[in-house]
2 protein chains.
Amino acid sequence: MSRLAKTDADMVRVHNRLAVLDHLRGVGTTTRKAVSAATGLSVSASSAISGTLVRCGLMEEVEEDDRSIRRGRPGKSLAICGRAARVAALKIAVGEVSGRISDYSGRPLAELRRGVDISGRDGDFIVDLLADLARDLAQRLEEEPRALDKVVVAVQGKTFSDLSGIVWSPALKHRHIEIAAPLSARLGAEVSVLNDCSLMPEAFRWRPDFAGLDFATLFVGFGVGMGLRLNGATFQGKHSSAVEFGHINHMPGGALCRCGNRGCVEAYASDYAIWRSATGNGDIPAHRIGDEAMQRLADAARAGDPAVRAAFEAAGNAIGYGLGRVFTMIDPLPIVMTGSGAQAIDLLEASIRQGIRESAVDGLGSDTPLILQEDTDALVFDAGTAYALAALDQEFARSAAEATEAA
Amino acid sequence: MSRLAKTDADMVRVHNRLAVLDHLRGVGTTTRKAVSAATGLSVSASSAISGTLVRCGLMEEVEEDDRSIRRGRPGKSLAICGRAARVAALKIAVGEVSGRISDYSGRPLAELRRGVDISGRDGDFIVDLLADLARDLAQRLEEEPRALDKVVVAVQGKTFSDLSGIVWSPALKHRHIEIAAPLSARLGAEVSVLNDCSLMPEAFRWRPDFAGLDFATLFVGFGVGMGLRLNGATFQGKHSSAVEFGHINHMPGGALCRCGNRGCVEAYASDYAIWRSATGNGDIPAHRIGDEAMQRLADAARAGDPAVRAAFEAAGNAIGYGLGRVFTMIDPLPIVMTGSGAQAIDLLEASIRQGIRESAVDGLGSDTPLILQEDTDALVFDAGTAYALAALDQEFARSAAEATEAA
DNA sequence: CCATTTTTTACGAGGCTTGGAAAAAGTCTC
DNA sequence: GAGACTTTTTCCAAGCCTCGTAAAAAATGG
C-alpha cells in the first residue's frame with residue numbers, strides 16, 4: 001500500500017474551507033478580501049467559499065461599527081457563528097470534576113466545578129458523573145437548551161491512544177475505564193478522552209502570538225506533565241498519551257516515584273516530592289498535598305528555611321535536567337508553565353535554568369522564555385474547547401451540506 | 001497570516017504524481033492497474049498520470065518475463081527509469097571521506113572511500129575534496145559521464161538546519177563551515193548537508209517492511225547518535241540537526257563528555273568512553289579508538305575480563321536509560337542499531353534492556369525489537385540516496401514539463 | 001450630484017479526476 | 001485454429017474546483 005493517498009477536487013474543497021475557517025478563528029473577524037489575502041485564494045474563490053459557509057450557518061455577516069473610515073465600498077465583516085455548534089470541555093482530576101460549555105465561536109457559556117471523591121468509583125459512576133455535570137452545565141445557560149456537538153474529557157493520567165478512555169489515573173483506583181462510548185451514548189455527541197497535559201498546547205492553537213511556533217507546556221503540581229506543539233501539530237503518541245515528562249528518569253537509582261521506578265522527575269519536582277523532601281519524611285504521602293500546603297511550603301522557603309529551600313532547589317534541578325534532555329533531543333523550546341510550580345517560579349527558576357545549563361549541549365536553551373499561566377483549569381478548558389472546535393471544523397468542512405434553509 | 005495554505009488543481013496534480021512515484025519506489029515495478037489500486041486513483045487517472053511520467057522519462061515500460069500466466073490482457077510493467085537522474089551520497093567522517101553514486105532508480109553505480117586527514121583543514125579544502133571525490137566517482141562509471149542532479153552530504157556532527165553546512169564536527173577543528181553553496185557551484189547540482197545519524201531513517205523510506213512504521217536508528221561507535229522516523233517523516237530539528245541522543249544527560253555530575261558537560265550518554269557508551277572505562281584511564285583519549293581496538297576490547301570482555309565487561313555493561317546501561325527516557329517522552333519504538341555497538345550487541349543487550357526497564361514507565365519498551373545493521377556506511381549511503389531521490393521526486397512531480405521529445 | 005475608490009459578485013475558461021464505453025491483448029475451449 | 005472470454009488500457013464527455021476579468025455595489029470626496 002502506498003503511503004501517499006490521492007487527492008481530488010473534494011479534498012481541495014475541504015482543505016480550502018478549512019483554511020478559511022482556520023484563518024477566521026485566528027483573527028476573530030475578517031472580510032472576504034482579507035480571507036483571500038490570508039489564504040492565498042483568489043477573491044473569487046474566497047468569496048464563493050465564504051458565501052457557502054455563511055449559507056451553511058458556520059459563519060455570519062456581522063455589523064462592525066469600529067470600522068476605520070476609508071474610501072471605497074466597505075468590506076462586510078464575517079465572523080464564526082456561535083450558534084452553529086456547542087461543545088463541552090470536561091476535566092477529571094483528583095477529588096473533582098469540572099467543565100465548561102462553549103459555543104462554536106469559542107465563547108464560554110457556562111462553567112461548573114464539583115468536588116467529589118471519585119477515587120474508588122468505577123467507570124459507570126464516572127460516566128454518570130460527567131453526564132450529570134454536562135446536563136447541569138446546560139441548565140445554566142440563558143439560551144435555549146440544545147444538544148452538544150462534541151465533548152472533550154481531559155484526564156490526569158494515561159489515556160488510550162484511540163481517545164476512548166482511561167488506562168490509569170491518579171484520581172482513580174480502577175484501571176482501563178471506557179468513557180467515550182458510554183458517555184457518547186448519554187450525551188449524543190462524540191466524546192474524546194485525552195491526557196490533560198498533552199492537550200494543553202491546543203489552548204494556543206489560534207493565538208496569533210503563538211502562530212506557527214513550536215513550544216512546550218509544562219505542568220508542575222500534583223504530578224508533572226508536558227505537552228508539545230511541534231511543526232504546528234500537538235504531539236500525540238501512538239501507544240498512549242505520551243510525553244510523560246514527569247516520568248523521564250532524572251537520577252538513576254534515585255528517589256522513589258509513585259510509578260514504582262526510582263529517580264523520575266516527578267519524584268523530585270511534584271508537590272508530594274517537594275513536601276517529603278522538605279519535611280524529611282521519606283515516604284510518598286497517602287493523600288494529595290493541597291494547594292494551601294504548597295503555598296505554606298513556598299512561603300517557608302521564601303522566609304529562608306534551608307531544608308525547604310533545598311527541596312525547591314532539587315525540584316528545579318530535576319525539571320531543568322528534564323528540560324535539558326528534551327531540548328537535546330528535540331530543540332530548545334519556549335515553555336508555558338502552569339500548576340503550583342508556576343506559583344513558586346521564584347523559588348524554582350534559577351535551579352531550572354542551572355539544570356538546563358548543565359544538561360543541554362552548550363547549555364542551549366537555558367535562556368528559553370518561561371511563560372507563566374497560573375490558572376491551570378482555564379488552560380485545560382481552553383485547550384479542550386479548541387480541540388473540540390478544530391475537530392468540528394474538520395467535520396463541517398467535509399460535510400458542508402450546502403445550506404438546507406435560507407434566511 | 002493563516003497556517004493553512006490554499007490548495008488548487010496544481011497541487012492535486014503534483015500530489016498525485018508524487019503518490020504514483022512513491023508507490024513505484026516501494027514496489028519496484030507495477031502496472032497502471034496496480035497503481036490505481038494502491039493509490040486510490042481511478043484507472044483513468046492512474047493511466048493518464050503514468051503516461052505523462054513515462055513521456056517525461058521518469059518511468060519506463062519494461063518487459064517482465066516472470067509474469068504469472070493468467071487470462072486477460074496482461075498489464076504493461078512500469079518501473080522507475082534509472083537514466084532520469086543521477087545522485088550522489090557523500091560522507092564526511094573522522095579521517096575519511098566516502099561516497100556513492102546512484103541512478104534515479106536507486107541502483108548504486110559506483111562507490112569510493114578515501115582516507116584523508118581532514119582534521120585541521122578548512123572549508124575550501126573540504127569542498128575541494130568532496131568535489132574531487134564526486135569527479136572520481138563519476139569516472140568509474142561504465143556509462144557515459146553526466147552531471148549530477150542532487151548531492152547529499154552526511155556529516156558526523158552538528159549541521160545547519162537550512163542544510164547549508166557544518167556547525168561543528170568531531171572530524172574537523174574548524175567550525176561553521178559552508179559546504180552547500182560552494183560545492184553546488186562546483187558540481188552543478190543542489191547540495192544538502194545533514195547529520196549522518198538524523199539522516200539514517202531515510203534508508204528505510206521505501207522498505208515495505210518499514211512502511212508507515214515509527215522507529216529509531218541508533219548509532220553507537222565513535223559517538224552516539226539517533227535518527228527518528230515519526231508519523232512517516234524523518235524528524236529534523238528547527239535549530240540544528242537535533243536528536244543529539246549521545247548528549248542526553250544520563251547521570252547528573254557523571255563522567256566527563258567531549259562536549260564539556262558531565263554525564264552524557266556518550267560519556268559512557270561511545271568507543272572512547274568504553275575504552276577509558278575499561279583501561280581505567282580517566283582522560284578522554286586524544287585520538288579516535290579504531291574499530292580493531294574496539295574488537296579487541298569486545299573479545300577481552302567475551303573472554304571474561306571483569307573491568308572490560310563492566311565497561312560494556314555501563315555503556316549498555318547508559319544506552320538503556322537513554323532509550324527509556326526517549327520512550328517515556330515519545331513512545332516505545334523499534335530500534336535499528338549500527339556502529340561498533342551493533343557488533344558488540346551480545347555484550348550490551350542485557351544491560352540496555354535492563355536500563356530501559358528501570359527508566360521507562362512500567363518498563364515499557366524493554367522488549368522492543370533490536371534490529372542490527374552492521375554496515376554503517378551502506379546505511380548512510382542508502383539514506384542519503386533515498387533523501388536525494390525523494391527530493392528529486394518532489395521537483396519532478398512539480399515541474400514535469402510534459403515531454404518535449406517523443407520516442 | 002458625479003467621479004473615484006474599494007469590495008463583492010457574475011461568468012467563462014482551464015485543469016484534473018471520474019465513470020463508462022470502446023479498444024487492445026492475451027488465454028481458454030471446442 | 002477460430003471464436004468466446006477475461007483483463008488491462010485508452011478514449012471521451014461530464015463534473016468540480018479555482019482563476020482572471022469584467023461588471024455591479026457601496027461608500028467617500030469635491
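Every chain is numbered from 1 and lettered A, B, ... according to where its sequence line falls, protein lines coming before strand lines.
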Take B:L194 and B:F160, measure what side chain to side chain contact (heavy atoms under 4.5 Å, CB included) needs, and give me the verdict at the end.
CA-CA 8 Å; B:L194 295 101; B:F160 292 120; over 6 Å; no
Which is it for A:K33 and A:S47 under the side chain to side chain donor-acceptor pair (under 3.5 Å) test, yes or no, and what are the steps along the way?
CA-CA 8 Å; A:K33 188 83 189 302; A:S47 182; over 6 Å; no
Can you work out whether A:S44 or B:A34 has the more 5'-proximal nearest nucleotide on DNA chain D?
B:A34
B:D149 side chain to B:R86 main-chain N or O, any donor-acceptor pair under 3.5 Å?
yes
5' precedence on DNA chain C between A:V43 and A:T7 (nearest-nucleotide basis)
A:V43
When rounded to the nearest 0.5 angstrom, what distance separates CH2 in B:W206 from CG in B:D393?
5.5 Å
Nucleotide of D:dC17, C:dT8, D:dT9 approaching A:K76 most closely (side-chain heavy atoms)
C:dT8
Using only heavy-atom distances, decide whether a donor-acceptor pair under 3.5 angstrom links the side-chain of A:S42 to the base of D:dG20.
no
Euclidean distance, atom CD of residue A:E63 to atom P of D:dA26 [Å, nearest integer]
13 Å
Got a second to check how far A:S198's OG is from A:R229's CZ, nearest 0.5 Å?
13.0 Å
Can you check the A:L41 CG to D:dG20 C1' distance for me, whole Å?
14 Å
Which nucleotide sits closest to the side chain of B:N16: C:dT17, D:dC11, D:dT18?
C:dT17
Exactly one candidate in B:L199, B:T385, B:L389 meets side-chain contact (heavy atoms from CB on, under 4.5 Å) with B:V152; the answer is B:L199
Send over the distance from B:H15 NE2 to C:dG15 P, rounded to a whole Å.
21 Å
Any side-chain heavy-atom pair of A:Q394 and A:R17 under 4.5 Å
no
Between the protein and nucleotides 4-6 of chain C, which nitrogen or oxygen pairs come in under 3.5 angstrom?
unit_1 : atom_1 : unit_2 : atom_2 : d
C:dT4  : O2     : A:R71  : NH2    : 3.1
C:dT5  : O2     : A:G72  : N      : 3.3
C:dT6  : O2     : A:R73  : N      : 2.8

Tell me which of A:D10 and A:A45 sits closer to the 5' end of DNA chain D, going by the nucleotide each one is nearest to.
A:D10
Using side chain to side chain contact (heavy atoms under 4.5 Å, CB included) as the criterion, list what pairs up with B:D8, not counting sequence neighbours.
B:K6, B:D10, B:M11
Touch check for B:I49, heavy atoms < 4.0 angstrom, all strands: base, sugar-phosphate only, or nothing?
sugar-phosphate
Which nucleotide wins on minimum distance to the side chain of A:T31, given the candidates C:dT8, C:dG15, C:dT17?
C:dT8
Between A:K6 and C:dT18, is there a contact of a side-chain N or O with OP1 or OP2 at under 4.0 Å?
yes
Just wondering, do A:P108 and A:R100 contact through their side chains at under 4.5 Å, heavy atoms?
yes
Whole-Å distance, A:R32 CZ to C:dA10 C1', equals 14 Å
Can you check the A:M11 CE to D:dT18 P distance for me, whole Å?
15 Å
How sharply is the helix from C:dC1-D:dG30 to C:dC30-D:dG1 bent, taking the axes over five pairs at either end and rounding to 10 degrees?
20°
In whole angstroms, how far is the C1' atom of C:dT9 from the CG atom of A:L78?
14 Å
Taking only side-chain nitrogens and oxygens of B:R13, does any of them come within less than 4.0 Å of OP1 or OP2 of C:dC16?
yes
Over-ring placement of A:R146 relative to A:Y104, 6.0 Å and 45° cut-offs:
no
When A:A48 and A:D8 are each assigned the nearest nucleotide of DNA chain C, the 5'-most assignment goes to A:A48
